[in-house]
Number of protein chains: 2
Amino acid sequence: MEAATQAFDGADKIRRAAADLFGERGFDAVSIAHIADRAGSSKANIFHHFGSKEALYFAVLREAVDRSTDHFRDAMRAELDPAQRIERAIRGSLTVLFEDPERARLIFREVMESGPCRAEALANEVFGDDFTALTRLFADIQPGGETDGAVPPSFLAHVLLSCNVMLFHCHQVLRHLPGGEYAEQQEHYIKMLRDVLLSSMRAKQETNA
Amino acid sequence: MEAATQAFDGADKIRRAAADLFGERGFDAVSIAHIADRAGSSKANIFHHFGSKEALYFAVLREAVDRSTDHFRDAMRAELDPAQRIERAIRGSLTVLFEDPERARLIFREVMESGPCRAEALANEVFGDDFTALTRLFADIQPGGETDGAVPPSFLAHVLLSCNVMLFHCHQVLRHLPGGEYAEQQEHYIKMLRDVLLSSMRAKQETNA
DNA sequence: AATGCCGCTGACCAATCGATCAGTCAGCCT
DNA sequence: AGGCTGACTGATCGATTGGTCAGCGGCATT
């Protein structure tokens, strides 16, 4: 029926322009006129294809979400020693963030802004799989199984993602902080984070008070 | 000269209303009319006191920054054993975030949005002192001094701040993730993060490849 | 050739945006 | 009393916002 041949039809150009602009400046700071201008289209055409500004935003958001989970999944499968598997996971998550920055900022802004209502949907439909996969990775590697007192795998996933997300969003600031040179040496950063995660897994933890 | 007695003059009410709204929804999503309404004032009066929307935003931002650094400084001084000092630091940083959420979101949004131009100013004038203090804390506690191969103190500061900031911004999502119950048990969260940081300091790290 | 559909456009809408204006009112100084 | 300052307001500005609508040209079907 339709021609799937021409990959760049008008609607797609609009989608991509909107993704860039929404990612850079957020929902409210971007106007339909801006998007139309960047896409080389007209305002009316945007409403013809998407109906409203909100609908366009959600379309862009959903596309960004789908794409990012694909990338993350690829970076996860590897049968190596624990240190290398952790490195792989760190690098994979980092790649997702840095290779499509606008998309990543779009998603994180949504997470920040979303109230309790949408948060559960985001957790289940968007981040659940990736987080579970990462948690399972740490559970697999854990030397003595889940001895009580040890840091649980899901928290190690939290540490990994937190550090990466922070590096991504703040690296322009971090690199000017005293001792923040790691923000510009990605390989060095990866090894340090790997060491933090590895030693947290190995150590028998004290659980005083 | 001026009366320092009346603590809530008009300008201050505007400032506080603006801080709340900017923190909740960001700069572009908030209009002067909203702020005037919330402050029980008039649009024109806002321009009378602050000159422009941007000037009001910066005034609010600066006030938020000053207040947060004060709180952080208090939480830092304590002469206890390493585990307790780290706990103290985690709790202090967490308090800064959660006890004035709008202010915290205001600042973080500024960090996210700022290009390379303003990032350096933010690093030096706003976050430099706190980050340095936190780094020094880890350097003091470090058992064998700075043996090479160990995770540097500034990176431990990165881990601490990253995890806290992520917990703050995403805890509505995290608590719905499998294994994300820690997002609602703050004391448990603090102890886990403390263990991660402690074991990262103690362990002689491998620096292969 | 007439048809209907679809991608697309310029002109236009009411509402709202940030900002300015002249002007009011209360307090303070001389 | 009179002059002056500063907090404050309602009305209003031009520009821009998200959104609508009638209509255009190309293309496939009948």
Side-chain angles (χ1 to χ4, degrees), chain A residues 1-64 102 106 109-110 113-114 118, chain B residues 1-63 102 106 109-110 113 118:
Chain A
M1 309 298 178
E2 301 102 43
T5 58
Q6 50 173 9
F8 298 156
D9 60 334
D12 213 61
K13 269 173 112 172
I14 293 172
R15 226 188 313 262
R16 288 187 299 154
D20 289 348
L21 289 171
F22 282 144
E24 283 175 25
R25 303 180 220 173
F27 181 80
D28 293 289
V30 174
S31 71
I32 300 285
H34 290 149
I35 299 172
D37 193 49
R38 165 98 67 137
S41 178
S42 67
K43 269 175 56 178
N45 194 30
I46 293 181
F47 289 96
H48 170 68
H49 281 294
F50 297 94
S52 76
K53 188 187 180 184
E54 264 209 330
L56 170 60
Y57 178 75
F58 285 135
V60 163
L61 186 63
R62 182 155 301 268
E63 189 207 19
E102 289 80 18
L106 199 66
R109 213 179 263 126
E110 186 67 20
E113 235 78 347
S114 72
R118 262 204 309 239
Chain B
M1 306 299 180
E2 301 100 46
T5 59
Q6 49 173 10
F8 298 156
D9 59 334
D12 215 60
K13 268 174 111 173
I14 293 172
R15 227 187 312 262
R16 288 187 300 155
D20 289 347
L21 290 172
F22 282 144
E24 281 176 25
R25 305 181 219 175
F27 180 82
D28 293 289
V30 174
S31 70
I32 299 285
H34 291 148
I35 298 171
D37 192 48
R38 164 99 69 137
S41 177
S42 67
K43 273 174 57 176
N45 194 30
I46 293 181
F47 288 96
H48 169 69
H49 281 293
F50 298 95
S52 76
K53 188 186 180 184
E54 262 210 330
L56 170 60
Y57 177 75
F58 285 135
V60 164
L61 185 65
R62 183 155 299 269
E63 190 206 18
E102 289 80 19
L106 198 67
R109 213 179 263 126
E110 185 66 22
E113 235 77 348
R118 262 204 309 239

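Residue numbers start from 1 in every chain, and the chains themselves are labelled A, B, ... in the order their sequence lines are given, proteins ahead of strands.
Here C:dA11 presents its P atom at 18 Å from CZ of A:F47, a figure rounded to the nearest Å. Atom CZ of A:F50 and atom C1' of C:dG7 are 13 Å apart (whole Å). Whole-Å rounding puts the B:K53 NZ to D:dT16 P distance at 15 Å. The distance between atom CZ of B:F27 and atom P of C:dC17, rounded to the nearest whole Å, is 13 Å. Between B:D37 atom CG and C:dC17 atom P the separation is 11 Å, expressed in whole Å. Across the protein-nucleic acid pair, B:I14 atom CD1 and C:dG18 atom C1' stand 15 Å apart, rounded to whole Å. For the pair A:R25 CZ and D:dT17 P, the interatomic distance rounds to 11 Å; values are reported in whole Å. Note: CG (A:D28) to P (C:dT16) measures 15 Å, nearest angstrom.
Under 4.0 angstrom from either OP1 or OP2 of C:dT16 there lies no side-chain N or O belonging to B:H34. Between C:dC8 and A:H48, no contact under 4.0 Å exists linking OP1 or OP2 to a side-chain N or O. A close approach under 4.0 Å does not occur between any side-chain nitrogen or oxygen of A:S52 and OP1 or OP2 of D:dG18. Side-chain N/O atoms of A:S31 include none lying less than 4.0 angstrom from OP1 or OP2 on D:dT16.
From B:Y57, atom OH reaches atom CD1 of B:I35 across 11.5 Å, with rounding to the nearest 0.5 Å.
Across the interface with DNA chain D, nearest-nucleotide mapping of A:A44 and A:A33 shows A:A33 to be the residue nearer the 5′ end.
Taking the six-membered ring for Trp and thresholds of 30 and 60 degrees, A:F27 and A:F22 have nearly parallel ring planes, at less than 30 degrees apart.
Under a 4.0 Å N-O distance rule, the pair A:E110/A:R118 qualifies as a salt bridge. Salt-bridge formation is not detected for the pair B:R16/B:E102: no Lys NZ or Arg NE/NH1/NH2 atom is positioned less than 4.0 Å from an Asp or Glu carboxylate oxygen.
Across all their heavy atoms, A:R109 and A:E24 have their closest contact at NH2-O, 3.6 Å.
On a pure distance criterion of 3.5 Å, no polar donor-acceptor pair joins the side chain of A:K43 and the base of C:dG10.
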